[in-house]
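Notes follow once the structure below has been shown.
The figures that follow rest on heavy atoms only: side chains count, while hydrogens, waters and symmetry mates do not. Chain letters run A, B, ... following the sequence lines, proteins first, then strands; residues in each count from 1.
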2 protein chains.
Amino acid sequence: MSAVGSSSHVGRPRAFDMDTALEKALEVFWRKGYDGTSLSDLTEAMGINKPSLYAAFGNKEQLFLKAIEKYESRPCAFFMPALEKPTAYEVAEHMLYGAAANMATKDQPQGCVVIQGALSCSEAAAVVKEALINRRLEGQQKLLERFERAKTEGDLPASVDAETLAQYLGTVLQGMAIQANNGATSEQLRRVAEMTLLAFPRV
Amino acid sequence: MSAVGSSSHVGRPRAFDMDTALEKALEVFWRKGYDGTSLSDLTEAMGINKPSLYAAFGNKEQLFLKAIEKYESRPCAFFMPALEKPTAYEVAEHMLYGAAANMATKDQPQGCVVIQGALSCSEAAAVVKEALINRRLEGQQKLLERFERAKTEGDLPASVDAETLAQYLGTVLQGMAIQANNGATSEQLRRVAEMTLLAFPRV
DNA sequence: TGATTTTTGTACCGACTGGTATATTAATTT
DNA sequence: AAATTAATATACCAGTCGGTACAAAAATCA
């Protein structure tokens, strides 16, 4: 109803809020994946028609990529702050418990759209698939850098292979997304997180 | 070329081998997912036309389900034998190293079709998605039963929560499938397996 | 050989796919 | 008020989707 424009523009005002429309699109992509989502699914969920969608977001592919940006900034907001925790253990702790809480909540689709948005997909989704792989690798790279820093800061044993540790933690986190899709509860994921942390190397 | 029939049947003989055609179908579903695979993709890969496909396999959904059965009996053949290892640790060991070798080999698509065949999908794939979730849960249930047996047999500490341990191992295995899709090598997955085993509870 | 049975290739089905042309509507600018 | 700008709704586009009708072809049975 209200077009919240940062500044008044000439021409007919947009009748929908781009941000909430993008959130709706994200939810559909998250639940159905890129290939499984049709433009009809999108326009229905967003409450707009196709020309409005194309004028505002480009096309299906660009809409998906913008939805992913929104996902990382909001629904998946636990990742970046976790990296700022003072020790490697606390980083892993916050990331694992954050994932446990986030991936199995009923407020949103189960799992993680970066993992399940285009895991196996048609050639039409190749760009999207690559983008998602890159997001996952970037996240793991951030973990690696954080663990290397932890070694210099002394809260992670020097004997630990930071690369393998980052890949191992990434594996558990990504596995938790599948578990959430399987119907695992947050409580179950929390126990998996706990077991993972029991073995986490500390000084 | 040769229709390997168990017994000679009346009528025009089938011009293709059902088993190899099913393998081709499996490979396409594995790479592209259920929604991302079209009948044209299938008939092209299988080297047959649509009426032959429907006569031999039913429809797209039934073809997928039959392809999954084949997957579990062959490409994913490491799972069941691993359960027969004498101790819980060895079960986990064979399962993890089996997955590391299997999910990142160049001989076949990366990852695991049971995980990536229909993770997020359209309503048209709902039956397939449920079937895959059940396969994953069944696998985890087998792990749970094996670990409970191990506790009675004494090679797994009685203090261990078998359910959480099975879920944890399932999480790592499923995470390895995502890692393989990210481009991880078998060597990298082997190191993740190694790190997982370092923390595995033993008597 | 002729009748029967089954698979094959072709051609087609309605429905839906992602995407757009066009005209109308609603705002600002002059 | 007239002109300009941009978003709306409708109707449409070619192409593809999963699935099938139909007739020719290739085997066995009688």
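Residue B/Ser40 has a polar side-chain atom (N or O) positioned under 4.0 Å from OP1 or OP2 of D/dC17. A close approach under 4.0 Å does not occur between any side-chain nitrogen or oxygen of A/Ser52 and OP1 or OP2 of D/dA7. Regarding contacts with the backbone of D/dT8, every side-chain N or O of A/Asn49 stays at 4.0 angstrom or more from both OP1 and OP2.
Between B/Leu39 and B/Gly11, it is B/Leu39 whose nearest contact on DNA chain D lies nearer the 5' terminus.
Annotation for B/Ala162 and B/Lys151: closest pair CB-CD, 4.2 Å, computed over non-hydrogen atoms.
By the 6.0 Å and 45° rule, B/Arg202 does not stack over the aromatic ring of B/Phe200.
Atom CD of A/Glu61 is separated from atom P of C/dG19 by 9 Å (rounded to the nearest Å). B/Asp17 has its CG atom 14 Å from the P atom of C/dT7, to the nearest Å. Note: OH (A/Tyr54) to P (D/dA6) measures 22 Å, nearest angstrom.
Among the protein residues, A/Ser122 comes within range of no part of the nucleic acid, since none of its heavy atoms lies under 4.0 Å from any strand.
The side chain of B/Lys50 sits closest to D/dG18 out of C/dT25, C/dA27, D/dG18. Here the side chain of B/Val10 is nearest to one of C/dT8, D/dT28, C/dT17, namely D/dT28.
Between the side chain of B/Arg14 and the base of C/dT7, no donor-acceptor pair of N or O atoms lies under 3.5 Å.
Side chain to side chain, A/Glu145 and A/Gln141 meet the donor-acceptor criterion of an N or O pair below 3.5 Å.
Partner of B/Tyr34 under the side chain to side chain contact (heavy atoms under 4.5 Å, CB included) criterion, out of B/Lys129, B/Lys60, B/Gln116: B/Lys60 alone.
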